[in-house]
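Single-structure report; data block below.
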Amino acid sequence: MPFNTIVRVTNLSNDKTVLVRINNRGPFIRGRVIDLSMEAARELDMVKAGVRRVKVEVLEPVVPKEDALEYVASQRNAFSRG
């Protein structure tokens, strides 16, 4: 996906979700769709497992980096209030 695309990643084993901004070209391992930061992996409860099946949904098309960061922050705040 292009840099600064906003996606929702859902851990299919527990239905936990996290919003992330695409900021690199990985993953570089066959069969993998996305590499997550340690923080995102913690939010999905998948740090110990390392690799899990996930669903990736594009929420916002490519936007300027600052807008992408602001969008993710605002949505995280909305999730925590909900």
Nearest 0.5 angstrom please: Glu39 CD to Leu44 CG, how far?
10.5 Å

Applying side-chain contact (heavy atoms from CB on, under 4.5 Å) to Val9 and Leu36, what does each step give before you reach the verdict?
CA-CA 9 Å; Val9 180; Leu36 297 173; 4.1 Å; yes

Taking a hydrophobic cluster as the set of Ile, Leu, Val, Met, Phe, Trp and Tyr residues connected by side-chain heavy atoms closer than 4.5 Å, whether directly or through intermediates, do Val18 and Leu12 fall within one such cluster?
no

List in chain and number order the residues that pass side chain to side chain contact (heavy atoms under 4.5 Å, CB included) with Val47, two or more places apart in sequence or in another chain; answer none if no residue qualifies.
Met38, Ala41, Arg42

Under 4.5 Å between side-chain heavy atoms, counting indirect links through other Ile/Leu/Val/Met/Phe/Trp/Tyr residues: same cluster for Val7 and Val33 or not?
no

How many angstroms lie between atom NZ of Lys55 and atom CG of Asp15, to the nearest 0.5 angstrom?
9.0 Å

When every non-hydrogen atom of Ile22 is compared with those of Met1, the smallest separation belongs to CG2-O, 3.7 Å

Across all chains, not counting sequence neighbours, the side chain to side chain contact (heavy atoms under 4.5 Å, CB included) partners of Asn14 are Asn11, Lys16, Asp45

Once side chain to side chain contact (heavy atoms under 4.5 Å, CB included) is applied, do any residues pair with Asp35, and if so which ones, sequence neighbours excluded?
Pro27

The reported gap from CD in Glu57 to CG in Leu19 (rounded to nearest 0.5 angstrom) is 10.0 Å

Counting C-beta onward and ignoring hydrogens, is there a side-chain heavy-atom pair between Val54 and Ile34 closer than 4.5 Å?
yes

Separation of Arg25 CZ from Phe3 CZ (nearest 0.5 Å)
4.0 Å

